[in-house]
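In what follows, every heavy atom counts, from backbone to side chain, and hydrogens, waters and symmetry copies are set aside. Chain naming here is simple, since letters A, B, ... match the order of the sequence lines and numbering starts at 1 in each.
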Protein chains: 2
Amino acid sequence: MTKIDDVARLAGVSTATVSRALRGLPTVSAATRRRVLAAAEQLQYAVSPSASRLAGGRTGTVAVVVPRITRWFFGVVVEAAEDFFHRAGYDLLLHNLGGREQNRQRVLHAAHLHKRVDAIMLVATPLRASDVAALAALDLPGVTVSSGTTVPGWPCVRIDDVAAARIATRHLLDLGHRRIAHISGDPDDELAYSAHLDRRRGHQEELRAAGLHPDPSLDVESSFDIAGGTRATEELLRRGDPPTAIFAACDEMAMGALTALRDAGLRVPQDVSVIGIDDHALSGVLGLSTVAQPAVEQGRLGAQLLLDPLCGRSTDALVKPDGSVILDTRLVVRDSTAPVRAH
Amino acid sequence: MTKIDDVARLAGVSTATVSRALRGLPTVSAATRRRVLAAAEQLQYAVSPSASRLAGGRTGTVAVVVPRITRWFFGVVVEAAEDFFHRAGYDLLLHNLGGREQNRQRVLHAAHLHKRVDAIMLVATPLRASDVAALAALDLPGVTVSSGTTVPGWPCVRIDDVAAARIATRHLLDLGHRRIAHISGDPDDELAYSAHLDRRRGHQEELRAAGLHPDPSLDVESSFDIAGGTRATEELLRRGDPPTAIFAACDEMAMGALTALRDAGLRVPQDVSVIGIDDHALSGVLGLSTVAQPAVEQGRLGAQLLLDPLCGRSTDALVKPDGSVILDTRLVVRDSTAPVRAH
DNA sequence: CTGAAAGCGCTTACAG
DNA sequence: CTGAAAGCGCTTACAG
């Protein structure tokens with residue numbers, strides 16, 4: 001393999017000059033730079049990343065941690081972030097926790113990320129105090145996306161989950177529903193997407209604002225995915241007297257609810273209305289009403305908040321004084337919600 | 001930051017011994033190893049990846065290239081592979097092409113992957129002769145998953161796309177359908193998931209085996225996703241006299257077809273039957289009939305075929321003599337296919 | 001604008 | 001089983 005000395009020899013300069021010319025540093029004359037580039041081209045020279053990292057300290061790589069890449073929101077966020085990172089010349093090290101607490105611990109263990117990446121993006125990753133301390137000790141720039149826990153000094157981009165849930169519940173209330181069930185994630189799951197706690201809170205706040213009292217028998221927890229939505233809805237129906245509407249904490253759970261309702265012989269929206277949060281790529285196909293959140297924007301903006309400072313650009317104009325960016329959500333009414341029927 | 005010399009000093013041994021002990025090489029006495037591990041633990045020592053890579057030549061990282069991480073199949077494959085890689089102690093560098101030919105060229109350019117990874121997994125990535133040559137020049141182990149093009153010396157894992165398509169078309173024929181449309185990916189798209197060419201072939205073979213002649217007016221190409229399925233179906237309906245059944249080259253296109261048919265006022269399966277290939281996570285929710293392919297297994301097996309040789313394990317028992325593994329598909333009949341109605 | 005030299009922090013023959 | 005020393009291939013003050 002050809003190395004920097006070969007290029008230096010062919011171009012008739014020192015390796016220091018080759019290094020500077022290839023990286024586009026300003027302190028190289030135009031003529032010299034041309035000679036170096038030509039020599040590098042001719043020899044098909046490619047810098048050794050390990051050597052460059054060891055000598056220079058920069059890795060040109062960022063770590064992205066997501067709970068499950070197969071869930072709609074996380075896939076979209078990673079795709080948007082990946083695009084931004086690669087355009088900026090950074091590689092992406094993917095850590096998919098896959099629902100295993102053990103994976104979270106391994107990834108967040110300071111030793112693992114140390115000297116391996118220049119920056120970290122944490123997507124919906126729950127953090128304990130010890131994790132936050134470990135991340136702070138790494139002394140690397142980072143950003144959290146769609147996360148309940150924030151890391152001091154890191155910007156965060158997300159939606160207002162409480163507000164999004166209130167919009168969903170308000171929509172059902174406006175349609176005349178009073179027996180509104182809520183299905184959401186399991187709070188005991190350490191890897192749970194923490195947003196669902198805020199969403200439950202918003203739901204209950206909106207009920208109370210309407211003079212209703214949250215009914216524990218209409219609140220079921222399960223896993224935060226399609227299968228969880230099915231199980232939660234089955235449990236709901238088992239408890240007797242079904243609700244007239246179900247607010248699912250995410251579209252995937254809402255889709256599971258659609259399946260369970262269909263299997264139970266209940267029609268949507270004639271017998272039961274269903275709404276979720278997300279605006280999943282398939283929600284339109286299913287006619288699912290939802291509160292849309294901007295996933296691409298969260299991934300892209302998260303990446304930008306991470307890289308801009310590394311390139312010396314300020315992000316002050318993008319974030320609030322506390323470092324956060326709260327993106328808007330909006331109600332999307334389709335065919336799964338309808339006025340409650342008179343009894 | 002603490003480095004190997006610090007550990008060596010505290011343990012009272014040379015850095016060479018620390019290096020050996022920490023990597024678990026057999027040529028270290030039990031007592032010495034214990035002292036080294038204790039010292040490393042006490043100093044919170046973590047090896048510098050760049051230094052280790054530069055000196056040792058191994059990166060402990062593998063590159064995974066996928067067309068679009070947001071599509072069901074690719075997300076599942078990456079998740080399964082990621083799990084396998086991390087268990088084996090390897091990091092995953094993700095390259096999501098995102099539908100851009102330019103990205104494919106950047107990633108496959110020899111210089112980019114050179115010295116950055118120990119192995120490469122290409123998922124459904126179309127390759128030109130020059131790409132294959134560039135990959136061969138890298139002289140790295142690799143594997144292709146679900147790819148039409150193979151790289152000499154690399155194993156490949158996939159399904160038999162021709163056979164899968166024949167199963168789907170056979171199912172429709174068995175239900176009495178004769179006007180069967182096919183919607184699939186765009187062959188002009190350089191980044192296209194090449195499987196759709198084989199699927200079209202299988203479809204046409206099965207039609208001919210039944211004494212039918214493939215009708216070009218019932219064959220529409222579009223993008224290989226939900227929106228593409230919708231557009232292709234709209235085009236199909238615009239051509240007049242609709243088919244009694246549609247075979248979509250993948251479930252996501254089938255889902256787009258369901259939307260277009262609904263919007264056109266056609267009922268599934270009463271007016272039109274629809275079948276896809278995949279068994280997407282949401283196909284059950286939608287009641288979509290399909291030919292299931294094992295995505296998790298393809299990701300896991302691909303990862304294993306890549307890493308086993310790096311660990312000195314033979315994979316001869318897993319693959320056929322030509323290095324390929326062809327996994328089974330199976331028909332899953334749900335509610336989107338029904339016998340053709342008498343006219 | 002350019003070069004000589006030190007140094008980044010490991011691993012690997014080689015010798016014992 | 002262990003150590004001294006060379007070397008992996010760059011980048012970065014420092015000096016000019």
Side-chain angles (χ1 to χ4, degrees), chain A residues 1-37 39-40 43-61 89 91 111-118 139 310, chain B residues 1-37 39-40 43-61 89 91 111-118 139 310:
Chain A
M1 229 42 230
T2 122
K3 27 202 199 179
I4 200 170
D5 310 72
D6 303 322
V7 179
R9 205 169 308 119
L10 180 60
V13 296
S14 71
T15 60
T17 298
V18 172
S19 175
R20 294 186 189 109
L22 258 27
R23 280 177 300 148
L25 297 192
T27 62
V28 178
S29 76
T32 305
R33 186 186 309 276
R34 230 174 298 124
R35 280 217 313 285
V36 171
L37 289 178
L43 298 174
Q44 295 247 55
Y45 172 71
V47 64
S48 154
S50 332
S52 172
R53 289 169 190 190
L54 179 58
R58 290 183 59 257
T59 66
T61 307
D91 273 338
H112 192 81
L113 259 16
H114 176 61
K115 298 238 182 186
R116 209 170 288 263
V117 297
D118 296 335
D139 197 29
L310 292 182
Chain B
M1 230 41 232
T2 121
K3 26 201 199 177
I4 200 170
D5 310 72
D6 304 321
V7 179
R9 206 169 308 119
L10 180 59
V13 295
S14 71
T15 59
T17 299
V18 172
S19 175
R20 294 184 189 112
L22 257 28
R23 281 178 298 147
L25 298 193
T27 64
V28 179
S29 76
T32 305
R33 185 185 310 273
R34 228 174 297 125
R35 280 215 314 285
V36 171
L37 290 177
L43 296 174
Q44 295 246 55
Y45 172 71
V47 65
S48 155
S50 332
S52 172
R53 289 168 190 191
L54 179 57
R58 289 184 59 257
T59 67
T61 306
D91 273 338
H112 192 81
L113 258 15
H114 177 61
K115 297 239 182 187
R116 208 170 289 265
V117 297
D118 297 335
D139 197 29
L310 292 181

Visitor: Below 4.0 angstrom from OP1 or OP2 of D:dA4, is there any side-chain N or O of B:Ser14?
Guide: no
Visitor: Would you say A:Arg35 places a side-chain N or O within less than 4.0 Å of OP1 or OP2 belonging to C:dT2?
Guide: no
Visitor: So, do A:Ile4 and A:Val47 sit near enough that their side-chain heavy atoms are less than 4.5 Å apart?
Guide: no
Visitor: Can you tell me how far P of D:dG9 sits from NE2 of B:His114, to the nearest Å?
Guide: 9 Å
Visitor: In whole angstroms, how far is the P atom of D:dC10 from the CG atom of A:Asp5?
Guide: 7 Å
Visitor: Rounded to the nearest 0.5 Å, how far does NE2 of A:His114 lie from CG of A:Asp139?
Guide: 10.5 Å
Visitor: Considering non-hydrogen atoms only, spot the tightest contact between B:Arg53 and B:Arg58 and give its length.
Guide: CG-O, 3.1 Å
Visitor: Measure the distance from CD1 on B:Ile4 to C1' on C:dT12 and round it to the nearest whole Å.
Guide: 12 Å
Visitor: I need the CG-P distance between A:Leu25 and C:dC1, as an integer number of Å.
Guide: 12 Å
Visitor: Please report, rounded to the nearest Å, how far the P atom of D:dG9 is from the CG atom of A:Asp6.
Guide: 10 Å
Visitor: Taking the basic N atoms (NZ, or NE/NH1/NH2) and the acidic carboxylate oxygens, is any pair closer than 4.0 Å for A:Arg9 and A:Asp6?
Guide: yes
Visitor: If you look at every heavy atom in B:Arg35 and B:Ala11, which pair is closest and at what distance?
Guide: NE-O, 3.1 Å
Visitor: With rounding to the nearest 0.5 angstrom, report the CG to NZ distance, A:Asp5 to A:Lys3.
Guide: 6.5 Å
Visitor: Respond yes when some side-chain nitrogen or oxygen of B:Thr17 is under 4.0 Å from OP1 or OP2 of D:dG3, and no when none is.
Guide: yes
Visitor: Please check if any side-chain donor atom of A:Asp118 sits under 3.5 Å from a side-chain acceptor atom of A:Thr59, or the reverse.
Guide: yes
Visitor: Could you tell me the separation between the CZ atom of B:Arg9 and the P atom of D:dA4, rounded to a whole number of Å?
Guide: 13 Å
Visitor: Minimum heavy-atom separation for A:Ala40 to A:Leu22, with atom names?
Guide: CB-CD1, 4.2 Å
Visitor: Heavy atoms under 4.0 Å, any strand shown: does B:Pro26 hit a base, just sugar-phosphate, or nothing?
Guide: sugar-phosphate
Visitor: Below 4.0 angstrom from OP1 or OP2 of D:dT2, is there any side-chain N or O of B:Thr32?
Guide: yes
Visitor: Rounded to the nearest 0.5 Å, how far apart are OH of B:Tyr45 and CG of B:Leu37?
Guide: 12.5 Å
Visitor: Identify the pairs formed between an N or O of the protein and an N or O of nucleotides 5-8 of chain D at a distance under 3.5 Å, and give each distance.
Guide:
residue, atom, partner, partner atom, Å
D:dC8, O2, B:Ala55, N, 3.4

Visitor: Take A:Val28 and B:Ser48, find for each the nucleotide of DNA chain C with the closest heavy atom, and name the residue whose nucleotide sits nearer the 5' end.
Guide: A:Val28
Visitor: For A:Thr27, which contact category applies under a 4.0 Å heavy-atom criterion: base, sugar-phosphate, or nothing?
Guide: base
Visitor: Could you tell me how far apart A:Arg58 (CZ) and D:dT12 (C1') are, to the nearest whole angstrom?
Guide: 14 Å
Visitor: Round to the nearest Å and state the distance from A:Leu43 atom CG to D:dG9 atom P.
Guide: 15 Å
Visitor: Minimum heavy-atom separation for A:Ala21 and A:Arg33, please, with both atom names.
Guide: O-NH1, 3.2 Å
Visitor: Please determine if a side-chain N or O atom of A:Ser29 lies less than 4.0 Å away from the OP1 or OP2 oxygen of C:dC1.
Guide: no
Visitor: Establish, with yes or no, whether the OP1 or OP2 oxygen of C:dA13 is under 4.0 angstrom from a side-chain nitrogen or oxygen of B:Arg20.
Guide: no
Visitor: Pairs counted as Watson-Crick or G-U wobble with both distances under 3.5 Å: what dot-bracket string results for DNA chain D, using | for bases tied to another strand?
Guide: |||.||||||||.|||
